[in-house]
Amino acid sequence: MTGRRSTIESLSNPLIKRMRLLREKRHRRAEGLFLAEGLRIATEAREAGVLPQWLFLAAEGAAHPLARALAEATMAAGGEVIDTTPAILSKLSGKDNPQTVVGIYAEPATRLADLDRMTAPIWLVAERLRDPGNLGTMLRTGDAVGAGGLILLDESTDPYAVEAVRASMGAIFTQRLVQARWDDFHTWLRSGPGELVATWLGDDSIDYQAARYAAPTFILVGNESQGLPATYAAAADQRVKMPMMGKADSLNAAVAAAVMAYEVLNQRRRS
């Protein structure tokens with residue numbers, strides 16, 4: 001099926017009004033769609049085999065060779081390419097100085113049962129992660145270390161919010177992403193191989209470099225302000241902590257996940 005190319009220059013166009021609503025979580029859920037802005041992110045998605053259902057281009061963006069390749073691939077896959085104005089892109093993205101490319105993508109419906117834990121030695125797990133920037137950073141970290149994906153537990157922030165997608169710098173398209181409740185995740189984890197490692201400041205934690213990690217390693221970090229619930233930490237196979245040499249008592253959640261992920265990666269590289 002071949003898509004088509006059209007032009008929209010009116011802010012009152014019904015499709016523009018519909019796509020603007022994707023900045024709100026309830027409309028993203030209802031539509032099963034999310035918005036990603038920027039040629040770099042859209043190109044990362046294309047290289048990962050993910051193409052938009054609608055691709056909005058301003059004249060400046062449409063002239064770029066990568067944008068032309070993206071437009072051709074989108075139409076070849078049955079999507080619609082829409083030439084439009086910077087003002088409309090601003091309305092879609094909610095930014096005064098928008099990117100020249102905005103893509104509308106289908107939200108993946110990935111479940112725990114869809115994951116093959118043996119495809120990667122490292123998986124990231126975040127409990128009640130609230131900040132979209134931290135979520136995006138964890139996705140980028142997962143991509144960098146070759147992780148299988150990110151599992152978001154309980155009431156975490158929406159990974160398909162514009163801010164989280166932007167912060168992921170394209171990793172939202174290269175990492176598997178699942179949203180689940182703790183009980184469901186724990187049951188799934190214990191149904192197969194995998195070691196759960198919690199970042200935890202309790203007295204029974206050991207230095208993160210003294211621990212030895214078995215693949216696949218599931219690195220569990222807690223909420224930015226409250227950390228992990230004690231029951232979650234107790235359910236882990238290992239509890240580890242990083243030395244804090246200054247006055248701060250903990251690291252940012254995304255930073256802690258990155259430090260842990262690289263320690264697990266480096267141990268595997270050395271072995």
Stepwise, does the side-chain contact (heavy atoms from CB on, under 4.5 Å) test hold for Glu127 with Glu155?
-> CA-CA 8 Å; Glu127 191 268 335; Glu155 297 302 321; over 6 Å; no
Decide, yes or no, whether a salt bridge links [X] with [Y] under the criterion of side-chain N to carboxylate O below 4.0 Å.
X      : Y      : result
Glu195 : Arg212 : no
Arg28  : Glu107 : no
Asp143 : Arg140 : no
Asp158 : Lys25  : no
Arg270 : Glu263 : yes

Do you see a donor-acceptor pair shorter than 3.5 Å between the side chains of Asp237 and Tyr213?
-> no
Are any of the side-chain heavy atoms of [X] and [Y] separated by less than 4.5 Å?
X      : Y      : value
Val221 : Val125 : no
Arg269 : Asn266 : yes
Thr199 : Met260 : yes

For residues [X] and [Y]: do they belong to one hydrophobic cluster (side chain heavy atoms under 4.5 Å, members Ile, Leu, Val, Met, Phe, Trp, Tyr)?
X      : Y      : answer
Val165 : Val102 : no
Leu201 : Leu228 : no
Val50  : Met169 : no
Tyr232 : Tyr208 : no
Val178 : Ile219 : no

Check whether the ring centres of Phe173 and Tyr105 lie less than 6.0 Å apart, and answer yes or no.
-> yes
Value rounded to 0.5 Å, distance of [atom1] in [X] from [atom2] in [Y]:
X      : Y      : atom1 : atom2 : result
Leu115 : Thr110 : CG    : OG1   : 7.0 Å
Thr157 : Gln179 : OG1   : CD    : 9.5 Å
Ile104 : Leu33  : CD1   : CG    : 7.0 Å
Leu15  : Ser6   : CG    : OG    : 8.0 Å
Leu220 : Gln238 : CG    : CD    : 13.0 Å
Lys17  : Leu11  : NZ    : CG    : 9.5 Å

Apply the test side chain to side chain donor-acceptor pair (under 3.5 Å) to residues Glu44 and Thr174: give CA-CA distance (whole Å), side-chain angles for both, the deciding distance (0.1 Å), then the verdict.
-> CA-CA 8 Å; Glu44 292 274 359; Thr174 64; over 6 Å; no
State, to 0.1 Å, how close [X] and [Y] come at their nearest heavy-atom pair, and which atoms those are.
X      : Y      : value
Leu124 : Ala261 : CD2-CB, 4.3 Å
Gly61  : Thr100 : CA-OG1, 3.3 Å
Pro121 : Gly146 : CD-O, 4.3 Å
Gln53  : Ala106 : NE2-CB, 3.5 Å
Ser156 : Arg128 : OG-N, 3.3 Å
Ala120 : Ala147 : CB-C, 3.9 Å

Show your working on side-chain contact (heavy atoms from CB on, under 4.5 Å) between Leu139 and Thr141 and close with a plain yes or no.
-> CA-CA 5 Å; Leu139 286 168; Thr141 296; over 6 Å; no
Evaluate whether atom [atom1] of [X] has more than 12 neighbouring non-hydrogen atoms of other residues, nucleotides or ligands under 6.0 angstrom away.
X      : atom1 : value
Arg190 : CZ    : yes
Glu9   : CD    : no
Asn97  : CG    : no

[X]: which residues meet the side-chain contact (heavy atoms from CB on, under 4.5 Å) condition with it, sequence neighbours left out?
X      : result
Ala253 : Leu129, Glu224
Ser225 : Asn223
Thr43  : Leu39, Arg46, Glu47, Leu66
Leu21  : Glu24, His27

Tell me, with the steps shown, if Glu31 and Arg18 meet salt bridge (Lys or Arg N to Asp or Glu O under 4.0 Å).
-> CA-CA 10 Å; Glu31 293 271 14; Arg18 177 185 167 196; 2.9 Å; yes
With side-chain contact (heavy atoms from CB on, under 4.5 Å) as the test, would you mind laying out the steps for Met138 and Leu135 before giving the verdict?
-> CA-CA 5 Å; Met138 288 187 69; Leu135 196 157; 5.9 Å; no
Would a distance-only check, ignoring hydrogens and angles, find a side-chain to backbone donor-acceptor pair under 3.5 Å from [X] to [Y]?
X      : Y      : value
Thr187 : Asp184 : no
Arg117 : Gly192 : yes
Trp200 : Arg239 : no
Arg68  : Ala63  : yes
Gln267 : Ala211 : yes

Chi angles and distances behind the side-chain contact (heavy atoms from CB on, under 4.5 Å) call for Trp54, Leu35 = CA-CA 10 Å; Trp54 290 272; Leu35 181 150; over 6 Å; no
Only pairs at least two apart or in different chains count here, so list each side-chain hydrogen bond (donor to acceptor under 3.5 Å, both in side chains) that has a residue in residues 81-94.
-> Arg5-Asp83
Please step through salt bridge (Lys or Arg N to Asp or Glu O under 4.0 Å) for the pair Asp114 and Arg111, ending with a clear verdict.
-> CA-CA 5 Å; Asp114 298 325; Arg111 305 165 302 163; 3.1 Å; yes
Sorted by chain and number, sequence neighbours left out, side chain to side chain donor-acceptor pair (under 3.5 Å) with Gln99 holds for none
Mind checking whether Trp182 and His186 have parallel, tilted or perpendicular rings, split at 30° and 60°?
-> parallel
Measure up the Trp123 and Phe218 rings against each other and bin them: parallel (under 30°), tilted (30 to 60°), perpendicular (over 60°).
-> parallel
